[in-house]
2 protein chains.
Amino acid sequence: MRKIFHRRRTLRDVALAAGVSISTASNALNETGRVNIETRDKVKRIAQEIGFLPNALARSLLSKRSFTIGMITNDTYGRLTLPMAAGVSEALVDHGISVFLCATNNDQRLATSHLQALLEKQVDGIIFTATRLDLEPPVELLNLPIPVVYVFAQGPNQNVSFVPDDAQGARLAVTHLKRLGYSRIVHITGPQDYLAARIRAETYRESCDRSPEVFFGDWSEDWGYVATEKVFSQGGKQPDAIFCGSDEIARGVIDALRDLDLSVPNDVAVVGFDNWEVISRQTRPPLTTVDMELKELGRQAGLAILALTRDEAIDTGIQRLSCSLVVRESCGAEGSHPQV
Amino acid sequence: MRKIFHRRRTLRDVALAAGVSISTASNALNETGRVNIETRDKVKRIAQEIGFLPNALARSLLSKRSFTIGMITNDTYGRLTLPMAAGVSEALVDHGISVFLCATNNDQRLATSHLQALLEKQVDGIIFTATRLDLEPPVELLNLPIPVVYVFAQGPNQNVSFVPDDAQGARLAVTHLKRLGYSRIVHITGPQDYLAARIRAETYRESCDRSPEVFFGDWSEDWGYVATEKVFSQGGKQPDAIFCGSDEIARGVIDALRDLDLSVPNDVAVVGFDNWEVISRQTRPPLTTVDMELKELGRQAGLAILALTRDEAIDTGIQRLSCSLVVRESCGAEGSHPQV
DNA sequence: CTGAAAGCGCTAACAT
DNA sequence: ATGTTAGCGCTTTCAG
């Protein structure tokens with residue numbers, strides 16, 4: 001195929017067709033300056049007719065605002081990044097701002113090259129996001145000519161960073177369990193070298209009156225299964241609830257409980273973490289879990305970068321956003337108990 | 001926070017600092033025209049020192065190429081879109097082309113507004129992608145001043161559309177089953193009004209020697225579970241293999257089989273479709289499934305749009321890309337049989 | 001109220 | 001080999 005594309009219409013075309021000067025056409029379309037209402041309407045009508053669209057490149061060159069921001073994720077496009085990206089877009093779309101989403105796959109060179117491209121394209125700001133909180137953002141972000149916002153990642157103190165409040169989220173889960181009368185709660189979670197896992201575990205320990213037990217492992221279904229077998233094979237009094245560090249782990253836990261002939265939630269209640277719906281809605285029974293409000297996190301980041309590009313002052317430092325508890329059948333959905 | 005950002009360095013700054021004219025500076029940096037090798041190096045060094053980055057806006061205004069393409073997805077950011085987007089980026093990043101990813105959430109107005117923003121930003125081309133093949137792309141894409149490529153969606157004949165070869169994929173699955181000696185295969189799949197479901201079912205019918213049985217339902221785990229119960233509660237000879245229209249369905253099927261005390265793959269083999277790894281790797285046993293090669297689909301689309309923006313001729317019409325079979329434990333992983 | 005002119009940052013003839 | 005000039009499409013003074 002070789003197709004002939006038409007030349008794009010420019011403001012000059014509009015002006016010519018309307019019999020006015022370029023600057024009048026500009027004023028008419030933007031409703032700036034003083035222009036006769038009839039001329040204005042005529043210009044607008046003609047612009048519409050010939051299918052004129054302003055060239056944002058030319059406009060940005062002059063205004064020094066590209067109405068574009070860059071979003072860099074260290075991760076491959078993943079389940080954490082995407083809800084956040086959706087939130088960012090949602091916050092910015094009404095302001096005519098578009099988003100370049102760049103995945104670096106944890107490759108430093110890719111990150112640098114993406115960053116350079118973004119800078120050359122004159123983005124108005126950058127949102128950096130990672131897949132874990134305790135990951136050093138690339139140093140290149142430190143002395144940029146444009147504002148940088150961090151989400152699900154921790155930037156320097158003079159910047160803003162939005163992160164989920166893991167402690168509050170964990171507290172939400174444990175409180176829920178306790179309120180429903182569960183008292184022997186164990187915690188099965190991911191690797192100890194994850195900050196989020198440590199925070200959740202620590203909060204769990206603090207909120208649990210008696211002999212808290214934490215099992216660190218990895219974020220997999222398998223680990224949930226194995227850990228549960230282990231828990232129930234040890235002697236002594238057995239737990240009546242399991243608080244899991246992720247939905248994947250929770251799914252493994254539920255599977256294991258079924259194989260142990262323990263019913264959820266009657267024999268053992270289960271609470272997850274993530275509200276990753278592919279999993280949390282599909283476990284049997286569906287999973288009560290903590291939602292990190294990723295989209296809201298993204299939305300806040302979008303609003304922050306918007307404010308910064310407008311030179312407005314905002315609060316800096318780490319902003320912890322509340323998690324919410326989604327109650328489903330695996331714990332407390334019967335409605336007989338007060339829900340959080 | 002209110003931070004002062006430095007003015008960006010321009011070519012003029014470089015020229016001034018190097019004591020040459022702007023055009024010489026330009027020529028030196030781009031290695032165009034004739035310029036003394038010493039001046040060239042000096043200019044380059046200085047550009048580096050003062051942290052000069054060319055303004056892509058100015059450059060594009062002149063060259064009429066923005067080195068940016070837009071990717072519009074009708075869907076919310078989802079599991080189909082993202083691997084494709086990754087493929088697109090992969091194909092284009094080496095050519096310095098960035099991608100605007102726009103999710104329209106099936107909202108016509110959002111689609112139109114995104115499209116307009118893309119056009120104003122002078123993108124060099126547009127990739128449209130959907131979440132099902134039989135969905136009319138927005139008519140606005142028909143008469144654009146730039147090339148449009150369709151992926152996982154079907155555009156007009158004079159354009160290129162890349163879609164997975166569902167028939168070949170289904171054949172892959174059934175052939176695999178038959179080669180391993182399974183002969184009473186049933187097919188549990190999604191809604192009949194999905195083109196992909198119909199194609200897969202049709203191919204399954206053709207490839208199955210004896211009395212094929214298709215169960216249309218929806219794409220959920222639940223349906224897989226329910227359908228399996230139904231299949232095994234009917235009288236007569238029972239199936240020895242189930243070919244599923246999606247991995248989610250397959251997961252439900254496997255669950256149901258376990259509850260029926262049937263072992264996978266010994267009593268019943270299961271093959272899925274999608275290779276959505278969150279599911280396919282986590283079922284017990286892990287799932288043998290058809291992979292639609294979404295990333296490759298995206299890569300092809302990226303290459304196509306690249307060619308088109310360069311005015312190169314390419315093949316138009318529907319291009320069906322082969323699926324591949326990923327063999328895991330749920331069917332044929334023992335290695336004792338030839339694998340496809 | 002309208003138009004002429006300058007210029008955003010850069011590239012590409014064209015002179016020198 | 002280097003500099004001068006024009007101009008991409010637009011906005012914005014500033015005269016008229």
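Rounded to whole Å, the distance from CZ on A:R65 to P on D:dT11 is 15 Å. We find that CD of A:Q122 is positioned 9 Å from P of C:dG9, with the value rounded to whole Å. Residue B:R40 contributes atom CZ, which lies 15 Å from atom C1' of D:dT2 at whole-angstrom precision. The nearest whole Å value for the distance from the CG atom in B:N55 to the C1' atom in D:dC10 is 14 Å. One interatomic measurement links the two molecules: CD of A:E38 to P of C:dT2, which rounds to 9 Å at whole-angstrom precision. Regarding B:L61, its CG atom lies at a distance of 4 Å from the C1' atom of D:dC8, rounded to whole Å. We find that CZ of A:F67 is positioned 13 Å from C1' of D:dT11, with the value rounded to whole Å. Between B:D13 atom CG and C:dC8 atom P the separation is 12 Å, expressed in whole Å.
The distance from atom CD of A:E140 to atom CG of A:N143, rounded to the nearest 0.5 Å, is 11.0 Å.
Salt bridge annotation for A:R7-A:D13: present, with a cationic side-chain nitrogen under 4.0 angstrom from a carboxylate oxygen. A salt bridge does not link A:E49 with A:K42: every distance from a Lys NZ or Arg NE/NH1/NH2 to an Asp or Glu carboxylate oxygen is 4.0 Å or more.
Where A:R8 and A:T24 meet DNA chain D, the nucleotide closest to each residue was compared, and A:R8 sits on the side nearer the 5' end. Heavy-atom distances to DNA chain C give each of A:V35 and A:K64 a nearest nucleotide, and the one nearer the 5′ end belongs to A:V35.
B:N157 CG: 12 or fewer foreign heavy atoms inside a 6.0 Å radius.
At the phosphate of C:dT2, OP1 or OP2 sits under 4.0 Å from a side-chain N or O atom of A:T39.
Shown here for B:T131 and B:L80, the closest heavy-atom pair between the two residues is O-CD1, 3.6 Å.
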**Request:** List the protein contact pattern of nucleotides 11-16 of chain C with one symbol per nucleotide (5' to 3'): B for base contact, S for sugar-phosphate-only contact, - for none; contact means a heavy-atom distance under 4.0 Å.
**Result:** BB----
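No side-chain heavy atom of A:L195 sits less than 4.5 Å from a side-chain heavy atom of A:R132.
Under the 3.5 Å distance criterion, with hydrogens and angles disregarded, a donor-acceptor pair is assigned to the side chains of A:K121 and B:S98.
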